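Scroll down for the structure; my scribbles are underneath it.
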Amino acid sequence: MEQTLSIIKPDAVAKGVIGKIIDRFESNGLRIAAAKKMQLSRADAEAFYAVHAARPFFNDLVEFMISGPVFVMVLEGKGAMAKNRDLMGATNPQEAEPGTIRADFADSIDANAVHGSDSVENAANEIKFFFSGREIL
Ligand code: GDP
């Protein structure tokens, strides 16, 4: 069964909508195979977003991701990667389709509520970054 990584970002954790976001996943056929709340270090955030290191928004992104705790999950289901991306909506919440997580819970392109792996290959690497095999059930 396909797996993907989801992160509920600090803005959504601070708003108290972890449960509402998990409900979107579980109501749409995605199972929570692993989950934990954690505070990312600067090194964690820089390594996780290394692909964006040269982008102008990299520092803002890292600062935002370490501004408070995050809630990290492995989602599992048929076509889990693409299904999660559909449920998330566009990166900029102002462009996100109504009813998507970002349209409903995000405030800005920085504070955009959730991260989701953007390919099955990246998903495997991102899952390994956060979870050991015995945490994924
Ligand atoms: P995602 O896969 O939809 O999360 O988008 P990307 O992988 O392209 O970017 C990673 C994260 O960087 C996004 O979720 C945003 O929080 C942030 N980001 C992306 N593009 C921009 C931008 O143009 N400006 C700013 N400020 N942040 C951005």
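A quick note: this is a predicted structure, and the numbers were derived from the prediction, not measured.
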Show every donor-acceptor pair shorter than 3.5 Å between a side-chain atom in residues 5-13 and any protein atom, with sequence neighbours excluded, or say none if there are none.
| unit_1 | atom_1 | unit_2 | atom_2 | d |
| --- | --- | --- | --- | --- |
| K9 | NZ | N112 | OD1 | 2.7 |
| D11 | OD1 | A113 | N | 3.3 |
| D11 | OD2 | A113 | N | 3.1 |

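- The CD1 atom of I22 sits 11.0 Å away from the OG atom of S27 when rounded to the nearest 0.5 Å.
- Atom OG of S67 is separated from atom CG of L40 by 9.5 Å, given to the nearest 0.5 angstrom.
- Note that the CE atom of M1 and the NZ atom of K78 stand 8.5 Å from one another [nearest 0.5 Å].
- Looking at R102, its side chain does come within 3.5 Å of a backbone N or O of G89 through a donor-acceptor pair.
- Considering only residues two or more places apart in sequence or on other chains, F48 meets the ring-ring contact (aromatic ring centres under 6.0 Å, His included) condition with H115, F129, F130.
- Applying the ring pair (Phe, Tyr, Trp, His ring centres under 6.0 Å) rule to pairs touching residues 54-81 yields H52-F57, sequence neighbours excluded.
- Every residue two or more places apart in sequence or in another chain that forms a side-chain contact (heavy atoms from CB on, under 4.5 Å) with S41 is listed here: A43, D44.
- At least one donor-acceptor pair under 3.5 Å links the side chain of E2 to the backbone N or O of M81.
- Nearest approach of A34 to E135, heavy atoms of both residues: CB-O, 3.3 Å.
- Minimum heavy-atom separation, V72 to F131: O-CZ, 3.5 Å.
- Nearest approach of A80 to T4, heavy atoms of both residues: O-CG2, 3.6 Å.
- The side-chain heavy atoms of F25 and E76, taken from C-beta on, include no pair separated by under 4.5 Å.
- Contacts of K20 classified as salt bridge (Lys or Arg N to Asp or Glu O under 4.0 Å), with partners at least two apart in sequence or in another chain: none.
- Put simply, CD1 on I18 and CE on M73 are 8.0 Å apart, with the number rounded to the nearest 0.5 Å.
- With hydrogens and angles ignored, the 3.5 Å screen pairs no side-chain donor or acceptor of T100 with any backbone N or O of A96.
- The side-chain heavy atoms of M65 and L61, taken from C-beta on, include a pair separated by under 4.5 Å.
- Residues I127 and Q3 have side chains in contact (heavy-atom distance under 4.5 Å, counting atoms from C-beta outward).
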Original post:
Does the pair V70 and M38 meet the rule for a side-chain contact (heavy atoms from CB on, under 4.5 Å), with working shown?
Top reply: CA-CA 6 Å; V70 294; M38 59 190 295; 3.9 Å; yes
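- Atom CG in N28 sits 4.5 Å away from atom CG in L87 (nearest 0.5 Å).
- Here R42 contributes atom CZ and I66 contributes atom CD1; the two are 4.0 Å apart, rounded to the nearest 0.5 Å.
- In this structure, I32 is a member of the same hydrophobic cluster as I101, with clusters built from ILVMFWY side-chain heavy atoms closer than 4.5 Å.
- Sequence neighbours left out, not one pair with a member in residues 79-95 passes side chain to side chain donor-acceptor pair (under 3.5 Å).
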Starting from the C-alpha separation in whole Å, work towards a yes-or-no answer on salt bridge (Lys or Arg N to Asp or Glu O under 4.0 Å) for K15 and D107. CA-CA 11 Å; K15 275 186 195 169; D107 299 322; 3.3 Å; yes
